[in-house]
Amino acid sequence: MSILDIRVLGDPVLRKPTTPVIEVTDELRRLIANMFETMYAAEGIGLAAPQVGRSDRVAVVDVEGAKYVLINPRIVSTQGAAKEIAEEGCLSIPDIYGDVGRPAIVTIRAMDENGTEYEATGSELLGRCFQHEIDHLDGKLFIDYLSPLKRKAALSKWEKAKGEYPGSIRKVRTEVKGEHHRETEM
Ligand code: K1U
Ligand code: ZN
């Protein structure tokens, strides 16, 4: 398995809508395994294919040990009249956070890595993560939900930070015994 580079804000792949998966192949299963490894190395709870430069409609989620492979996911219902506000971050916009209002509970339908359809309902962090990842598959980012003022502040902070990511690429490092190891090819 490999840790993949993460694309950051500015890379057009993050804004490109994804293409539905027609067939679950071994190549797709390898991508999914690499996405899980990358997500864990980056200490995230979710990761969508565009974040690793792919336009397949695929994402992975692990919230408190509840692991999900999302192939061609869609939201089938939401519950909660008022939108619940909570802070979000994004592995593709490091160190930028903002409050996002979303339906409190969502039910999704998706396929797993065996091509089996399933339905899952998530509330709190899991529900938020499902929505954040499905947004990625539609080319949407959490900053799009911020008020104009907060979005402007977030983008101005990002303007100062983005130089750390040449080519809009974030190299994910894993820490072993207090040392940093770059896992991806330089
Ligand atoms: O898709 C991504 O960029 C991953 C993102 C998912 C996410 C974060 C917050 C709310 C909903 C979805 C992250 O995992 S960023 C890391 C993070 O914010 C976090 C990590 C552990 C617990 C809680 C949040
Ligand atoms: Zn994100």
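Both counts, for ligands and for their atoms, begin at 1 and track the order of listing.
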Engineer: Any chance CD of E113 has more than 12 other-residue heavy atoms, nucleotides or ligands included, within less than 6.0 Å?
Structural biologist: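 More than 12 within 6.0 Å, yes.
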Engineer: Does I6 offer a backbone N or O that forms a donor-acceptor pair with the side chain of Q51 under 3.5 Å?
Structural biologist: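 Here the side-chain-to-backbone pair does not exist.
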Engineer: Taking only Lys NZ, Arg NE, NH1 and NH2, and the carboxylate oxygens of Asp or Glu, determine whether K171 and D5 approach each other closer than 4.0 Å.
Structural biologist: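 D5 and K171: salt-bridged.
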Engineer: Are there protein heavy-atom neighbours of atom 17 (C) of ligand 1 below 4.0 Å?
Structural biologist: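 Answer no: nothing from the protein, no heavy atom, is under 4.0 Å.
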Engineer: Any carboxylate oxygen within less than 4.0 angstrom of a Lys/Arg side-chain nitrogen, looking at D95 and K160?
Structural biologist: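 No, no charged N to carboxylate O under 4.0 Å.
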Engineer: Does the N or O separation between L91 and ligand 1 drop below 3.5 Å for any pair?
Structural biologist: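 It does: an N or O of L91 is found under 3.5 Å from an N or O of ligand 1.
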Engineer: Would E133 count as a polar contact of ligand 1, with the cut-off being nitrogen or oxygen pairs under 3.5 Å?
Structural biologist: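 E133 vs ligand 1: N/O contact under 3.5 Å present.
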Engineer: Please identify which atoms of ligand 1 are closer than 4.0 Å to at least one heavy atom of G44.
Structural biologist: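 Every atom of ligand 1 under 4.0 Å from some heavy atom of G44: 14 (O).
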Engineer: Nearest non-hydrogen contact with atom 15 (S) of ligand 1 belongs to which option: G89, A48, S92, G127?
Structural biologist: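 Answer by nearest heavy atom: G89.
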Engineer: Given V58, which of N72, L28, L70 fulfils the side-chain contact (heavy atoms from CB on, under 4.5 Å) condition?
Structural biologist: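 Considering N72, L28, L70, a side-chain contact (heavy atoms from CB on, under 4.5 Å) with V58 is found only for L28.
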Engineer: Any nitrogen or oxygen of E88, side chain or backbone, less than 3.5 Å from one on ligand 1?
Structural biologist: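 No.
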Engineer: May I ask you to decide whether D138 forms a salt bridge with K140, counting only side-chain N to carboxylate O separations under 4.0 Å?
Structural biologist: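 Salt bridge: no.
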Engineer: Could you tell me, atom by atom, which parts of ligand 1 come under 4.0 Å of a heavy atom of Q51?
Structural biologist: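 So the answer, numbered in order with elements, is 1 (O), 2 (C), 3 (O).
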Engineer: What protein heavy atom sits nearest atom 22 (C) of ligand 1, and how far off is it?
Structural biologist: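 Here the nearest protein heavy atom works out to I45 CG2, 3.7 Å.
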Engineer: Hey, is the main chain of G127 close enough, under 3.5 Å, to the side chain of R102 for a donor-acceptor pair?
Structural biologist: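 Looks like no, no N/O pair under 3.5 Å.
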Engineer: Once rounded to 10°, what is the value of the angle centred on the Zn ion (ligand 2) between H136 NE2 and H132 NE2?
Structural biologist: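 Taking the Zn ion (ligand 2) as the apex, the two atoms subtend 100°.
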Engineer: With a heavy-atom distance limit of 4.0 Å, tell me whether H136 approaches ligand 1 through its side chain, its backbone, both, or neither.
Structural biologist: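 H136 to ligand 1: side-chain contact only, backbone stays beyond 4.0 Å.
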Engineer: Look at atom 4 (C) of ligand 1 and say which protein heavy atom is nearest, naming residue and atom and giving the distance to 0.1 Å.
Structural biologist: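 Nearest protein contact, heavy atoms only, for atom 4 (C) of ligand 1 is G46 O, 3.1 Å.
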Engineer: Taking only heavy atoms of C90 into account, list the atoms of ligand 1 that are under 4.0 Å away from them.
Structural biologist: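 Answer for ligand 1: 3 (O).
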Engineer: Quick check for you: to the nearest 0.5 Å, what is the distance between Q131 atom CD and I75 atom CD1?
Structural biologist: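 So the CD of Q131 and the CD1 of I75 are separated by 5.0 Å.
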